[in-house]
Amino acid sequence: MHDLTGKVALVTGAASGIGQAIAAAYAAAGARVVVADIARDKAVAAAAAMAPGAIGIGMDVTDEAQVDDGFARVSREMGPVDILVSNAGVQIIAPLAELSFADWKRMLAVHLDGAFLTTRAAMRQMVEAGRGGSILLMGSAHSHVASPLKAPYVTAKHGLLGLARTIAKEGAAHGIRANVICPGFVRTPLVEKQIPEQAKARGIDEAAVIRDVMLRDTVDGEFTTLEDIAATAVFLAGFGSNALTGQSLLVSHGWHMQ
Ligand code: NAD
């Protein structure tokens with residue numbers, strides 16, 4: 001189940017944080033890995049450091065042509081994609097009444113348009129190749145719970161549940177499975193940036209943001225780790241039947257239980 005030898009795995013947002021950890025874990029499990037990121041140079045460098053044969057490509061997941069061109073290149077150079085992790089993401093902290101329409105649209109574009117465009121490109125290759133596949137969407141505990149100051153993020157992460165369930169229904173006949181990974185807080189650049197932002201917006205200090213906001217509802221006051229999420233992504237990618245599809249898996253130290 002944890003052997004991905006010969007599989008072609010494309011991970012978006014993989015030049016940093018969770019995506020990079022997943023791509024590295026896939027390479028260690030034998031997959032041929034594509035590190036896709038809007039930050040092209042960082043993607044190329046991350047791939048070079050990861051494993052022989054890994055490639056880094058520039059891809060803005062909100063840009064239809066960049067997504068389709070990137071997948072076409074992967075198909076030419078490595079063969080059709082077997083595993084997609086739609087992981088690229090950003091965070092904007094703002095109260096609803098102060099959120100600009102541009103920021104709202106940007107957030108939905110990265111998280112939802114990006115998931116759609118990469119899923120569509122991956123499914124086309126998976127269906128044509130006829131050997132099934134695994135699509136993982138990077139949700140969040142915020143796919144199931146809401147927090148103040150994160151309206152577009154919470155909205156988009158909830159939306160990914162609907163997309164995954166639809167992929168599961170349409171993909172089943174082709175052996176394509178889809179699941180959502182829902183991490184709790186992981187200390188990546190995305191989270192480090194929002195600690196001072198949340199402190200300012202809430203009028204509390206940074207230690208209180210960590211203790212009373214981010215980790216308050218966990219069972220043990222612990223951050224989730226990159227290793228926790230990478231292990232989950234390897235497990236889900238390697239699970240070989242439709243028994244596990246259309247699901248969301250919370251990996252959050254019990255922040256939310258379903
Ligand atoms: P990160 O900032 O470390 O990495 C995000 C990566 O996405 C960056 O390399 C960035 O360049 C890339 N990216 C941003 N916009 C892009 C675009 N339009 N096209 C392609 N790439 C783009 O963040 P992270 O914490 O590793 O987050 C990864 C995913 O995990 C996100 O979807 C995030 O919402 C989700 N998530 C993170 C946490 C957490 O606590 N860190 C918790 C739950 C879910």
Side-chain angles (χ1 to χ4, degrees), residues 10-25 34-47 56-71 84-93 103 105-118 121 136-147 150 152-161 163-164 180-195 197-198 209-210 213-215 218 222-230 232-233 248-253 255-256:
L10 185 149
V11 185
T12 70
S16 174
I18 290 173
Q20 189 171 16
I22 291 173
V34 183
V35 175
D37 203 287
I38 194 169
R40 183 189 167 279
D41 292 349
K42 281 177 72 184
V44 170
I57 63 173
M59 179 190 288
D60 178 349
V61 297
T62 69
D63 184 312
E64 184 176 18
Q66 285 191 34
V67 171
D68 289 345
D69 290 351
F71 273 80
L84 164 68
V85 184
S86 170
N87 164 82
V90 290
Q91 179 62 278
I92 295 173
I93 301 292
D103 281 349
K105 285 194 282 197
R106 176 75 192 148
M107 287 290 286
L108 296 197
V110 174
H111 291 275
L112 290 178
D113 297 357
F116 161 67
L117 289 171
T118 53
L136 301 180
L137 306 180
M138 193 53 62
S140 164
H142 285 110
S143 298
H144 295 274
V145 299
S147 294
K150 295 187 174 177
Y153 189 82
V154 170
T155 303
K157 292 301 191 189
H158 275 66
L160 293 176
L161 300 178
L163 178 60
V180 185
I181 300 176
C182 298
F185 281 100
V186 183
R187 292 199 85 151
T188 65
L190 180 141
V191 162
E192 297 297 346
K193 178 171 170 286
Q194 73 174 271
I195 294 170
E197 290 173 353
Q198 289 224 39
V209 170
I210 292 172
V213 178
M214 294 185 161
L215 304 179
T218 62
E222 298 280 343
F223 278 99
T224 301
T225 65
L226 293 172
E227 294 73 23
D228 296 326
I229 305 305
T232 306
S248 67
L249 192 51
L250 279 133
V251 188
S252 67
H253 285 254
W255 169 4
H256 180 71

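Each ligand, and each atom within it, is numbered from 1 in the order the structure gives.
- Considering all non-hydrogen atoms of both residues, Ile22 and Ala230 come closest at CG1-CA, 4.1 Å.
- Ring geometry for His256 versus His144: interplanar angle under 30°, hence parallel rather than tilted (30 to 60°).
- For the atom pair CG of Leu84 and CG of Leu137, the computed distance is 7.5 Å after rounding to the nearest 0.5 Å.
- Within 4.0 Å of ligand 1, contacts by protein heavy atoms are made from Gly13, Ser16, Gly17, Ile18, Asp37, Ile38, Met59, Asp60, Val61, Asn87, Ala88, Gly89, Val90, Arg106, His111, Met138, Gly139, Ser140, Tyr153, Lys157, Pro183, Gly184, Phe185, Val186, Thr188, Pro189, Leu190, Val191.
- When the salt bridge (Lys or Arg N to Asp or Glu O under 4.0 Å) test is applied to Arg187, the partners found at least two apart in sequence or on another chain are Glu192.
- Across all their heavy atoms, Gly13 and Asn87 have their closest contact at O-ND2, 3.3 Å.
- In this structure, Trp255 and His142 have perpendicular ring planes: the angle between them is above 60°, well past the 30° mark.
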